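First comes the structure, then the notes that go with it.
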Amino acid sequence: MNRTYLKLTLDLDFILIAITAPLKDYVLCHKINTRLNLHFEKIEDHEIFFNIDEPAWSFSKYYFFVEQGDVEYYLISNRSSDGILIPEMGNVDFFIIIKEFIDKEDLDYLLSGLNKLPDIQVAAKIDPTKLKSRENLVI
């Protein structure tokens, strides 16, 4: 009998920024919106199913869309009452996922602006392919 194998590949074509900031999600979102002139809005939580028999884990999620270039920005909490979204990045509080292309100048401006916010300890670009739990970031 012939066997057919299905190979699943994840769409990891996005920019990932890790943020360490001891703030509530809505406070961080407000500070980013105010200081960097972005317009993140709260949307439905990011849900991850770890086991079929258990309820999904929910992580707060915010969204911002730029029509010029069709760029999507997501701000996702790495922590919830259920656990940690990316366990190997336990020291990170939030992630920004940027889908579609933004140029290096825009990315540098965003990283610089985030790092200038007094409540953010560090904001850095991370390679999502190097994370063990990268599938948890697929939106």
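The first residue of the sequence shown is numbered 1, and numbering continues consecutively from there. Keep in mind it's a predicted model, so treat the numbers as computed, not measured.
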Separation of Phe64 CZ from Tyr74 OH (nearest 0.5 Å): 13.0 Å
Least distance between heavy atoms, Leu36 atom then Tyr109 atom: O-OH, 4.3 Å
Atom CD of Glu41 with >12 non-hydrogen neighbours under 6.0 angstrom: no
With Ser133, the side chain to side chain contact (heavy atoms under 4.5 Å, CB included) member among Leu85, Ile84, Ile48, Ile86: Ile86
Over 12 non-hydrogen atoms of neighbours within 6.0 angstrom of CZ in Phe65: yes
Separation between CD1 of Ile32 and CG of Asn37, rounded to the nearest 0.5 Å: 13.0 Å
Non-hydrogen atoms of Phe94 and Leu23 that approach each other most closely: CZ-O, 3.4 Å
Intermediate values then yes/no, side-chain contact (heavy atoms from CB on, under 4.5 Å), Asp119 and Val27: CA-CA 10 Å; Asp119 296 309; Val27 174; 5.8 Å; no
Ile96 vs Ile15, side-chain contact (heavy atoms from CB on, under 4.5 Å): CA-CA, chis, key distance, verdict: CA-CA 8 Å; Ile96 292 181; Ile15 294 171; over 6 Å; no
Flag, side chain of Asp93 to backbone of Ala21, donor-acceptor distance under 3.5 Å: yes
Euclidean distance, Ile19 CD1 relative to Leu114 CG, rounded to 0.5 Å: 5.0 Å
Shortest non-hydrogen contact between His39 and Asn33, atoms and distance: N-OD1, 3.4 Å
Greater than 12 external heavy atoms within 6.0 Å of Lys42's NZ: yes
Asp25 side-chain N/O to Ser77 backbone N/O, donor-acceptor pair under 3.5 Å: no
Nearest heavy atoms of Ala123 and Ile17, plus distance in Å: CB-CG2, 4.3 Å
Separation between OG1 of Thr129 and CG of Leu16, rounded to the nearest 0.5 Å: 10.0 Å
Shortest non-hydrogen separation from Tyr62 to Cys29 and the atoms involved: CD2-SG, 3.5 Å
Rounded distance [0.5 Å steps], OH in Tyr73 versus CD1 in Ile97: 13.5 Å
Asp106 and Val71: CA distance, side-chain angles, deciding distance, side-chain contact (heavy atoms from CB on, under 4.5 Å) verdict: CA-CA 12 Å; Asp106 290 341; Val71 182; over 6 Å; no
Backbone of Asn136 reached by a side-chain donor or acceptor of His46 within 3.5 Å: yes
Stepwise side-chain contact (heavy atoms from CB on, under 4.5 Å) test for Val92 and Ile126: CA-CA 11 Å; Val92 171; Ile126 303 292; over 6 Å; no
ILVMFWY cluster, Met89 and Val122 together (side-chain gap under 4.5 Å): no
Distance-minimising heavy-atom pair for Glu72 and Tyr63: OE2-OH, 3.1 Å
Ser58 backbone acceptor or donor facing Ser80 side chain under 3.5 Å: yes
